[in-house]
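Below is one structure; the comments refer to it alone.
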Amino acid sequence: MATKIQIVFYSMYGHIYKMAEAVVAGAREVEDVEVTLYQVPELVPEEILERVGARAARASFAHIPVAKPEQLAEADAIIFGTPTRFGNMCAQMRNFLDQTGPLWAKGALIGKLGSVFTSTATQHGGQETTITSFHSTLLHHGMIIVGVPYSEQRLLAMNEITGGSPYGASTLAGGDGSRQPSENELAIARFQGRHVAEIARKLKG
Ligand SMILES: Cc1cc2nc3c(=O)[nH]c(=O)nc-3n(C[C@H](O)[C@H](O)[C@H](O)COP(=O)(O)O)c2cc1C
């Protein structure tokens, strides 16, 4: 039976969506894995999305199905993508995870792999805190945390501004959101997808 990898994200301006597509591509490089991409439900009213200039970006990935919390139980590994909000995950992802109490009560996610990627506006705006604080929820669920090891040499890049850390892939959107994920950041995201899928496949054995 195929190893099942779910990528579950929220994105307001499209950066995390682009990173999520790269994670999907990386995971799909591994044989015998079934990879599905989901987004979590939006909580922000349409008129606010319009006012903050997010409607067009959100429309570009409106075709991605919306996750239901109980679906997580079907996965062997779940890779979560969230933009930073004040150094933490976004409310949309928090709200989604806060509906996983019934899964927690059954221990439905125990032993599954969990991994996180993120996006911030600024270089030091909380990428690592967002990912590591997200890990607490995954550990409460009994999940096994997977990051990005330094065998991914792109983590060492010093010749350009780049996201990506041993905690997970990341990108920098810029204060006005105009910066897009760089090739280095997308490659780290592909690595993370592939790495999680490889371990999940071995564990499923
Ligand atoms: C309420 C709010 C809080 C934010 N907090 C931070 C922050 O703490 N650090 C930071 O660098 N960027 C912060 N940002 C910028 C977002 O992280 C940025 O818009 C996001 O990473 C872009 O990803 P997306 O295009 O997938 O939505 C914040 C944005 C909002 C709306």
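When a ligand or atom number is given, it counts from 1 through the structure's own listing order. Along the sequence shown, residues carry numbers from 1. Quantities reported herein were computed from a predicted structural model and do not represent experimental measurements.
Here is the list of ligand 1 atoms found below 4.0 Å of a heavy atom in Phe86: 1 (C), 3 (C), 4 (C), 5 (N), 6 (C), 7 (C), 8 (O). Within ligand 1, counting atoms from 1 as listed, the ones closer than 4.0 Å to a heavy atom of Gly87 are 8 (O). Which parts of ligand 1 touch Met12 is read off a 4.0 Å heavy-atom cut-off, strictly below it: atoms 24 (P), 26 (O), 27 (O). Atoms of ligand 1 lying under 4.0 Å from any heavy atom of Gly125, numbered from 1 in the order shown and given with element: 7 (C), 8 (O), 9 (N), 10 (C), 11 (O). Atoms of ligand 1 found under 4.0 Å from any heavy atom of Ser11, numbered from 1 in the order shown, are 24 (P), 25 (O), 26 (O), 27 (O).
The aromatic ring centres of Tyr38 and Phe9 sit 6.0 Å or more apart.
Using a 4.0 Å cut-off between charged side-chain N and carboxylate O, Glu21 and Arg190 make no salt bridge.
Hydrophobic clustering (ILVMFWY, side-chain heavy atoms < 4.5 Å, transitive): Tyr10 and Leu172 are in distinct clusters. Linking ILVMFWY residues whenever their side-chain heavy atoms come closer than 4.5 Å, directly or via other members, places Ile5 and Val23 in the same cluster.
Side chains of Thr130 and Thr84: a donor on one and an acceptor on the other come within 3.5 Å. Under the 3.5 Å distance criterion, with hydrogens and angles disregarded, a donor-acceptor pair is assigned to the side chains of Ser115 and Gln192.
Shortest non-hydrogen contact noted between Ala169 and Val148 is N-CG2, 4.1 Å.
Checked by distance only, ligand 1 and Pro83 stay at 3.5 Å or farther apart across all their nitrogen or oxygen atoms. An N or O contact shorter than 3.5 Å links Thr84 to ligand 1 by distance. Taking any N or O of Gly126, backbone or side chain, none lies under 3.5 Å from an N or O belonging to ligand 1. At under 3.5 Å, not a single nitrogen or oxygen of Ala173, backbone or side chain, sits near a nitrogen or oxygen of ligand 1. Distances between N or O atoms of Tyr10 and those of ligand 1 include no value under 3.5 Å.
In this structure, Met143 and Ile78 have side chains that are in contact, with non-hydrogen atoms separated by less than 4.5 Å.
Nearest non-hydrogen protein atom to atom 29 (C) of ligand 1 is Arg85 NH1, 3.5 Å. The single protein non-hydrogen atom nearest to atom 22 (C) of ligand 1 is Ser119 OG, 3.6 Å, given as residue, atom name and distance. Protein heavy atom nearest atom 19 (O) of ligand 1, with residue, atom name and distance: Tyr13 CD1, 3.9 Å. With respect to atom 25 (O) of ligand 1, the closest heavy atom belonging to the protein is His15 ND1, 2.6 Å. Looking from atom 10 (C) of ligand 1 to the surrounding protein, the closest heavy atom is Ala121 N, 3.5 Å.
Contacts classified as salt bridge (charged side-chain N to carboxylate O under 4.0 Å, His left out) and involving residues 146-156 (residues at least two apart or in different chains) are given here: Glu152-Arg154.
Lys18 places no side-chain N or O within 3.5 Å of a backbone atom of Pro181 that could act as its donor or acceptor partner.
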